[in-house]
S.K.: 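There's a structure below that I have some questions on.
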Number of protein chains: 2
Amino acid sequence: MSERTPTIHDVAARCGVNASTVSRAFSRPERVSPATRDRIHAIAAEMGYRPNAIARALPSGRTRTLGLLVPDITNPFFLDLIRGAERAAAAAGYTLVLADTEETSQQETTVVERLTGAVDGFVLASSRASDQRLREVHAKTRVVVVNRRVRPLPGVLIDSALGTRQAAEHLASLGHRRIAYLAGPRASWSDARRWRTLQALARHRDLEVVRIGPLAPTVEAGKAAADSAVLDDVTAVVTFNDLLAIGVLRRLRDRGIDVPGQISVVGCDDIFGADFCHPSLTTLAAPIESAGRSAVDLLLGLLGYDGPDRPRPDDTEDVVLPTSLTIRESTGPAPGRARGRSPRQRAATDRGTAKAVGASR
Amino acid sequence: MSERTPTIHDVAARCGVNASTVSRAFSRPERVSPATRDRIHAIAAEMGYRPNAIARALPSGRTRTLGLLVPDITNPFFLDLIRGAERAAAAAGYTLVLADTEETSQQETTVVERLTGAVDGFVLASSRASDQRLREVHAKTRVVVVNRRVRPLPGVLIDSALGTRQAAEHLASLGHRRIAYLAGPRASWSDARRWRTLQALARHRDLEVVRIGPLAPTVEAGKAAADSAVLDDVTAVVTFNDLLAIGVLRRLRDRGIDVPGQISVVGCDDIFGADFCHPSLTTLAAPIESAGRSAVDLLLGLLGYDGPDRPRPDDTEDVVLPTSLTIRESTGPAPGRARGRSPRQRAATDRGTAKAVGASR
DNA sequence: ATGAAAGCGCTAACAT
DNA sequence: ATGTTAGCGCTTTCAT
């Protein structure tokens, strides 16, 4: 008894046609006469025939599979990204391979090497690799980067410039004059951009901004940085991401420092949890899921254009997605001081009063 | 200029050996003399040779790829599961394919069909398919289920019986006598088990438990169910998962009902966010990441045993992982009443006092 | 519109 | 220990 799964040859035999006709009936139905096509499909279904994806990929070189590399699955930010990517891939009938690069460029390289050939292209999210390295990857395979601008690689960027500006103006209008920025990883494009925006605004709006970091984008790092912020005597903190902000919130709460009574906190991304932490987080909402979806769509586009003659576009427009400020409970008026007061004048008095004032909320 | 990526034949030619020797040098190094093996490796490296995973999979039938199917990537519970699975897979040099079945058995079937042959086996997490269907899958390929007990499929179960018992006793000792259980999806194995444990304990400890549900395991469903719980006049709520619990917390807060002053809440899973919601959630911590890892390890074990002669074990021991109670801020003494008082006696007086009492916390 | 034939890059008996 | 020889299941020219 032949219990193996049927192949095109089995189907062909039963239909009295050549195997290549069966192949065509599935991959290029329009090149088979309607009559035989229908008969083949019917018999194939009856026999329980399933095209073998691997065998299909070998001669064609197309696997209908995409690789998604993230630096840290642990980070809920990437949960949203994965979700968007998975949906876009599934919608196009593509399979998604997920890999964690553990924040290292080395691991990223290893995975790309291993997967090259097994996937039609990559989405590299928040890549930790050098521009140089990314260009090498780009030379060998189809790739889209997220949260990086590396010419000429196509990319999806979440641009927080507008949001950052809104955040700063929000804080300024609440009377804050001295603000800390908790910076993200050194290589982050968005981090650099946000910091620049903040500095520009500081000049314009008579704000002082101090930079704390670079920091790992985690809750734990946020806790530690909260102490630095307190020491730096700011009335508001803007963070690279929500994880940091949540860490700040927790640390300040442990120290009995009231948010937003004494310190206001603005996060970034609006990840799962930003709306139910305490106090709920004012944050720069980022369209993370859209970013994931856009990245896959962009990649799919590249794959589609991938005719044998048509050359790959040498410089693609990046997709830029904006953030916008979502105001919740973690921001409020600067602690009872005259609005125009210079930050310098009060530095000394603030330290150590935290606990006492904390109770007054 | 030959710009194609080198194959074993190219390497073989340069080494002056046969292609099969090159193949062996990579897949079964021990069957090649150290000298030639080293030379082959050296030259291959120099030429930039990379084994082609697809070509490798075709004759061998082994793809070194695993499929992980989850009903809803959106749910952070699965984030932890994915993480564990990805790590275990990566550690074994396996690639993980991720798919969302969108809570439907139909989608699950489609994906399994499509991926069969392209992966060496599946991890089906919280499958929505029928037992019957799962057995069919089991007959065709290697598969491990998570959160389902379907004989004879190997499975990983998170058993909350002990934890549920602890939770109920925790509440009983705090003076709660009437408790609501917010049930999860109808087909959930753990839900049924938890409910049974609760009922058994209720008899034993003189508790009344009311069941609300089945409910979708989401924050939104939790909000709606919170109102039912209030109407049912309970002093404590135990939920199927943390998402429901967080929904309850938010709804009660919106209604001005104090937690745990008026109502205590116990969640389940200890997902990301359970520790920083407000109040922080007392919950049955589940080793979700371990479950993901165990499932992959179990599957890998099955694959390893998969010799041509050795028959697949017909009935495997399930891996059972226990939960345990993590006490945080969302549980406290039952609202000021004599501990032994019968639940019946007070029903009428409670309604509507919520707001007033809420302020007293 | 369909058939014949040659691989895709590799593995796996079977020889030697 | 290494070479020979068939394929794995499918796609893809090239014929007809």
Side-chain angles (χ1 to χ4, degrees), chain A residues 2 4-41 43-44 47-65 114-120 306-308, chain B residues 2 4-41 43-44 47-65 114-118 120 306-309:
Chain A
S2 86
R4 23 177 283 286
T5 145
T7 73
I8 44 173
H9 293 98
D10 302 323
V11 177
R14 288 270 240 106
C15 293
V17 298
N18 190 278
S20 56
T21 306
V22 178
S23 171
R24 282 190 203 99
F26 285 97
S27 25
R28 289 164 148 60
E30 72 283 1
R31 294 200 190 171
V32 172
S33 83
T36 49
R37 185 211 307 143
D38 292 349
R39 206 161 42 94
I40 290 172
H41 283 166
I43 294 188
M47 295 176 73
Y49 166 75
R50 306 258 146 226
N52 178 322
I54 301 290
R56 205 168 227 197
L58 189 50
S60 70
R62 312 187 63 252
T63 60
R64 296 188 76 78
T65 296
R114 205 162 61 77
L115 255 33
T116 297
V119 301
D120 291 343
D306 205 352
Chain B
S2 89
R4 28 177 279 289
T5 145
T7 73
I8 45 172
H9 294 98
D10 302 324
V11 177
R14 287 270 241 104
C15 292
V17 298
N18 190 278
S20 58
T21 306
V22 178
S23 171
R24 282 190 204 99
F26 285 98
S27 24
R28 288 162 148 60
E30 72 283 2
R31 294 198 189 171
V32 172
S33 83
T36 48
R37 185 211 307 144
D38 293 347
R39 206 160 45 92
I40 290 172
H41 284 167
I43 295 188
M47 295 175 73
Y49 166 74
R50 304 264 148 223
N52 178 322
I54 301 290
R56 207 168 224 196
L58 190 49
S60 70
R62 311 186 65 251
T63 59
R64 294 190 76 78
T65 296
R114 205 163 60 77
L115 254 34
T116 297
D120 291 343
D306 207 350
D309 26 44

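So you know, we letter chains A, B, ... as the sequences are listed, proteins then strands, and number each from 1.
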S.K.: Would you mind telling me which of C:dT2, C:dG9, D:dT4 lies closest to the side-chain atoms of B:R24?
M.R.: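 Looking only at side-chain atoms, B:R24 lies closest to D:dT4.
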S.K.: Heavy atoms, side chains only, cut-off 4.5 Å: are B:Y49 and B:I43 in contact?
M.R.: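 SC-SC contact between B:Y49 and B:I43 ruled out.
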S.K.: Taking the side chain of A:V32 as heavy atoms from C-beta outward, which of C:dC10, C:dT2, D:dG3 is closest to it?
M.R.: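 Looking only at side-chain atoms, A:V32 lies closest to C:dT2.
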S.K.: If you find the nucleotide of DNA chain C closest to B:I54 and the one closest to B:R28, which residue's nucleotide is nearer the 5' end?
M.R.: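 On the 5' side of the pair lies B:I54.
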S.K.: Looking only at side-chain atoms of A:T7, point me to the closest of D:dG9, C:dT2, C:dA12.
M.R.: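 Taking heavy atoms from C-beta onward, the closest nucleotide is D:dG9.
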S.K.: Quick one: B:R56 CZ to C:dC10 C1', roughly how many Å, whole number?
M.R.: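 Rounding to the nearest Å, CZ of B:R56 and C1' of C:dC10 are 8 Å apart.
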S.K.: Whole angstroms only, please: what is the CZ-C1' distance between A:R31 and C:dA1?
M.R.: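 One finds 11 Å between C1' of C:dA1 and CZ of A:R31, rounded.
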S.K.: Between D:dG9, C:dC10, C:dG3, which nucleotide gets closest to the side-chain atoms of A:V17?
M.R.: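 Comparing D:dG9, C:dC10, C:dG3 against the side chain of A:V17, the answer is C:dG3.
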S.K.: Is the count of non-hydrogen atoms from other residues, nucleotides or ligands lying under 6.0 Å from B:R14 atom CZ greater than 12?
M.R.: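 Counting neighbours around CZ of B:R14, 12 or fewer heavy atoms of other residues, nucleotides or ligands fall under 6.0 Å, so no.
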S.K.: C:dC8 P sits how many Å from B:L58 CG, rounded?
M.R.: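 Nearest whole value for this atom pair: 13 Å.
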S.K.: Phosphate oxygens OP1/OP2 of D:dT4: is one of them under 4.0 Å from a side-chain N or O of B:N18?
M.R.: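 For D:dT4, OP1/OP2 do have a side-chain N/O of B:N18 under 4.0 Å.
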S.K.: Choosing from D:dG9, D:dA1, C:dG3, which nucleotide comes nearest the side chain of A:S20?
M.R.: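 Of all the options, the side chain of A:S20 is nearest to C:dG3.
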S.K.: Considering only heavy atoms and no angle criterion, is a donor-acceptor pair shorter than 3.5 Å present between the side chain of B:R50 and the base of C:dG9?
M.R.: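 No such pair is found, so the answer is no.
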S.K.: Would you mind reporting whether B:P29 and B:R24 have side-chain heavy atoms less than 4.5 Å apart?
M.R.: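 No - every pair of side-chain heavy atoms lies 4.5 Å or more apart.
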S.K.: Tell me which nucleotide among D:dT2, C:dG3, C:dT11 gets nearest to the side chain of B:S23.
M.R.: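 So the nucleotide nearest the side chain must be C:dT11.
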S.K.: Starting from C1' on D:dT12, measure out to CZ on A:F26 and report it in whole angstrom.
M.R.: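 Distance, rounded to whole Å: 18 Å.
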S.K.: Do we see a donor-acceptor contact under 3.5 Å between the side chains of A:S20 and A:S23?
M.R.: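 Not at all, the side chains of A:S20 and A:S23 share no donor-acceptor pair under 3.5 Å.
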S.K.: Are any of the side-chain heavy atoms of B:V17 and B:V22 separated by less than 4.5 Å?
M.R.: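 Yes - at least one pair of side-chain heavy atoms lies under 4.5 Å apart.
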S.K.: Starting at atom CZ of B:R37, determine the distance to atom P of D:dT2, rounded to an integer number of angstrom.
M.R.: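 Atom-to-atom, B:R37 to D:dT2, this comes out as 10 Å.
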S.K.: Nearest to the side chain of B:H9, which nucleotide is it out of D:dC10, D:dG3, C:dC10?
M.R.: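 When the side chain of B:H9 is considered, C:dC10 is the closest of D:dC10, D:dG3, C:dC10.
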S.K.: Just compare D:dT2, C:dT2, C:dT11 and give me whichever is closest to any side-chain atom of A:T21.
M.R.: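 For the A:T21 side chain, the nearest candidate turns out to be C:dT2.
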S.K.: Of the options C:dC10, D:dC10, D:dG9, whose atoms approach the side-chain atoms of A:I8 most closely?
M.R.: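 Nearest to the side-chain atoms of A:I8, counting from C-beta on, is D:dC10.
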S.K.: Could you tell me how far apart B:N52 (CG) and D:dC8 (P) are, to the nearest whole angstrom?
M.R.: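 Nearest whole value for this atom pair: 18 Å.
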